[in-house]
There are 2 protein chains.
Amino acid sequence: MKLEKLTTKSVQEEKRRFQDACGLAHAVELLGERWAILVLRELLLGPRRFSELKADLPGISANVLTQRLTELEDRGLVRKTRLPPPASVQVYEATEWALDAGPILCQLGRWAFRSPRHDASQPVSAVAIMLSMQTNFDASLAGDFADTIAFRFGQARYWAKVADRVLRIGSGEAADAGATIICSPDDMKPILYGGAPVDIVQVEGNIDAAARFVRMFSLPPKANVVCK
Amino acid sequence: MKLEKLTTKSVQEEKRRFQDACGLAHAVELLGERWAILVLRELLLGPRRFSELKADLPGISANVLTQRLTELEDRGLVRKTRLPPPASVQVYEATEWALDAGPILCQLGRWAFRSPRHDASQPVSAVAIMLSMQTNFDASLAGDFADTIAFRFGQARYWAKVADRVLRIGSGEAADAGATIICSPDDMKPILYGGAPVDIVQVEGNIDAAARFVRMFSLPPKANVVCK
DNA sequence: CCGTATCCAATAAGATACTG
DNA sequence: CAGTATCTTATTGGATACGG
């Protein structure tokens, strides 16, 4: 009975494969299922646990998340590992190869942002807002700025470091932060992309550094298309 | 009755939207349905007609193709136009914005090519093999080569032009081709990527130019991952 | 708390035949 | 050729209950 089910399932998977050697067709086979790309996005800045993923992907159900994680593991994009003691907690981690897709996916996101249908009023996750900084950083606005800005979104910790007109982001505590911004990921949207001043949220440390930092981002122009 | 159906449908579409302002989530909403990315790929080198698309997307059914084209049109990615007389035939054409996604999708394809699960023995479409040349062109192998190679895949015509270690591709007849390669898209795979000599297919014109040209491509290395 | 397994209803995809 | 119409099958997401 179970064997039959498994066989049926693999036959189905066969049938759902594209008969197409093009790499792009395979990309769709790897990441084309609903939620898969967003699960990977959440892993781009480091390992996460199941409940974090579920919390940051509003609308996903536990069984679907389980299924996507298992599929991504089967395909070599995700590893199920255990954090070193004393944490000793189980986490999901993107493989190096999966991380290589990160910059490409960010570019795809920036492209889709130009859609007239895009709704920026929806919520964003912490990872999403951090990645958006990386993607929409405008080197020409950086001037001689050189500092690290730390972010506290609830319990989550991230940082963004600017030097020589290059920005790098990462997760974890920042040792050398000139300023720390404490708010929710959603609070950052009007500040980074709506021209709002940084002091509408809590800032610790060098507030001028934080204020300069948040003016270094710009969104791409909307596409000139008509759509129903 | 009909109104009710439409309302139900739009409510359903609402529900399927991600509550996520991240551009990547919107990219999935734009291109995430099955076949959508491959339909767009087929339009990246110029307008195509319904039957060509159906023929080059093995396995797609007419109703799904209709639905994808309508959706892509609604979303501003595709325009339904009519070729100028005397052709006067209806074609589907990617918008400028949709074409901007082309290079990103090609990079995603090159990334997915590194998957251990990728099956290069599947067939490729004419557009896919031409795009793969653009994507996998290795400038360091071009030397001082400067010439245009024309391709005839059945009735379809494409060209690839190399100058100053830069390759450009396009569709249509090439006026100044040094050589013309006449075969099927699948025949090109072993020649471009398997080291096979170009003269296993029909070549007209300067065969040495064709032979040099087909050695200018290299695939990315496989990812170092285990997968079930 | 961290998931996993199973069932159910809704909907999307696919196969096939058919029409202007 | 360019799609529609109809029927069947597969997948999804939500609820619920269960195991470590």
Side-chain angles (χ1 to χ4, degrees), chain A residues 1-2 4-19 28-29 31-39 47-74 78 80-83 87-92 155, chain B residues 1-2 4-20 28-29 31-39 42 47-73 78 80-83 87-93 155:
Chain A
M1 207 65 159
K2 240 178 184 168
E4 194 188 319
K5 231 180 175 177
L6 282 169
T7 310
T8 310
K9 170 136 200 189
S10 46
V11 166
Q12 289 159 7
E13 275 184 11
E14 279 302 295
K15 287 190 70 177
R16 277 188 71 81
R17 283 203 180 157
F18 298 104
Q19 289 157 44
V28 174
E29 289 167 354
L31 288 171
E33 276 110 44
R34 192 167 162 78
W35 296 107
I37 281 195
L38 300 184
V39 171
R48 311 286 300 276
R49 39 200 305 188
F50 189 92
S51 53
E52 294 178 293
L53 293 171
K54 186 161 183 328
D56 282 350
L57 295 168
I60 199 171
S61 54
N63 54 0
V64 172
L65 180 53
T66 302
Q67 198 180 328
R68 285 303 99 88
L69 287 168
T70 321
E71 288 162 358
L72 292 173
E73 197 182 359
D74 291 349
V78 163
K80 204 169 175 174
T81 61
R82 199 162 280 278
L83 243 42
S88 256
V89 69
Q90 182 177 278
V91 290
Y92 297 89
Q155 297 306 308
Chain B
M1 209 64 160
K2 239 175 185 169
E4 194 189 318
K5 231 178 175 177
L6 282 168
T7 310
T8 311
K9 170 137 200 188
S10 45
V11 167
Q12 290 159 5
E13 275 183 12
E14 279 304 294
K15 285 191 70 178
R16 278 188 71 80
R17 283 203 180 156
F18 299 105
Q19 290 157 43
D20 197 323
V28 175
E29 288 168 352
L31 289 171
E33 276 108 45
R34 193 166 162 76
W35 294 108
I37 282 196
L38 300 185
V39 171
E42 289 300 314
R48 312 284 302 275
R49 40 201 304 189
F50 190 93
S51 53
E52 292 178 295
L53 294 171
K54 185 161 185 328
D56 282 350
L57 295 168
I60 199 171
S61 54
N63 53 0
V64 172
L65 180 54
T66 301
Q67 200 179 329
R68 285 304 96 86
L69 287 168
T70 319
E71 288 162 359
L72 291 174
E73 197 181 359
V78 163
K80 203 169 174 174
T81 60
R82 199 162 280 277
L83 244 42
S88 256
V89 70
Q90 182 178 277
V91 290
Y92 297 89
E93 162 179 59
Q155 297 306 307

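We name chains A, B, ... by the order of the sequence lines, and we start the count at 1 in each one.
Side-chain N/O atoms of B:Y92 include one lying less than 4.0 angstrom from OP1 or OP2 on D:dG3. For D:dG3, the OP1/OP2 oxygens have no side-chain nitrogen or oxygen of B:T66 closer than 4.0 Å.
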Distances under 3.5 Å only, N/O to N/O: pair up the protein atoms with those of nucleotides 5-8 of chain D.
{"residue": "D:dA5", "atom": "N6", "partner": "B:N63", "partner atom": "ND2", "Å": "3.4"}

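Proximity of A:L72 to A:L31: side-chain heavy atoms (C-beta onward) are separated by under 4.5 Å at one or more points. At a threshold of 4.5 Å between non-hydrogen side-chain atoms, the residues A:W35 and B:V28 do not count as touching. Counting heavy atoms from C-beta on, the side chains of A:L69 and A:F50 come closer than 4.5 Å. Side chains of A:V64 and A:R68 form a contact here, defined as non-hydrogen atoms less than 4.5 Å apart.
Listed for the B:E29 side chain is a donor-acceptor partner under 3.5 Å among the backbone atoms of B:F18.
Within the model, atoms CD of A:E73 and NZ of A:K80 stand 6.0 Å from one another, a figure rounded to the nearest 0.5 Å. Interatomic distance, CD of B:E42 versus CD1 of B:I37, reported as 13.0 Å (0.5 Å rounding). Rounding to the nearest 0.5 Å places CG of B:L38 at 11.0 Å from CG of B:L53.
Whole-Å rounding puts the A:R68 CZ to D:dT11 P distance at 10 Å. Summarising the geometry, the separation between CG on B:L69 and P on C:dA13 is reported as 13 Å, rounded to the nearest angstrom. Regarding A:R17, its CZ atom lies at a distance of 19 Å from the C1' atom of C:dG14, rounded to whole Å. Regarding A:E33, its CD atom lies at a distance of 17 Å from the P atom of C:dA12, rounded to whole Å. In this structure, A:L65 places its CG atom 15 Å from C1' of C:dA5, rounding to the nearest Å. The CD-C1' distance, from A:Q90 to C:dC2, rounds to 9 Å in whole Å. Separating the CD atom of A:Q67 from the P atom of C:dA5 is a distance of 11 Å, rounded to the nearest angstrom. Distance, A:W35 CH2 to D:dG14 P: 8 Å, rounded to whole Å.
Listed by residue number, A:R49, A:F50, A:S51 are the residues of residues 47-61 of chain A with a heavy-atom contact under 4.0 Å to DNA chain C.
The shortest non-hydrogen separation linking B:R48 to B:D56 is NH2-OD2, 2.7 Å. Residue B:Q90 comes nearest to B:R49 through the heavy atom pair O-CB, 3.6 Å, listed as atom of the first residue, atom of the second, then distance.
Each of B:V91, B:V78, B:V89 was checked for a side chain to side chain contact (heavy atoms under 4.5 Å, CB included) with B:P47, and the lone residue meeting it is B:V91.
Note that the two end axes of the helix from C:dC1-D:dG20 to C:dG20-D:dC1 enclose an angle of 40°, each drawn from 5 base pairs, rounded to 10 degrees.
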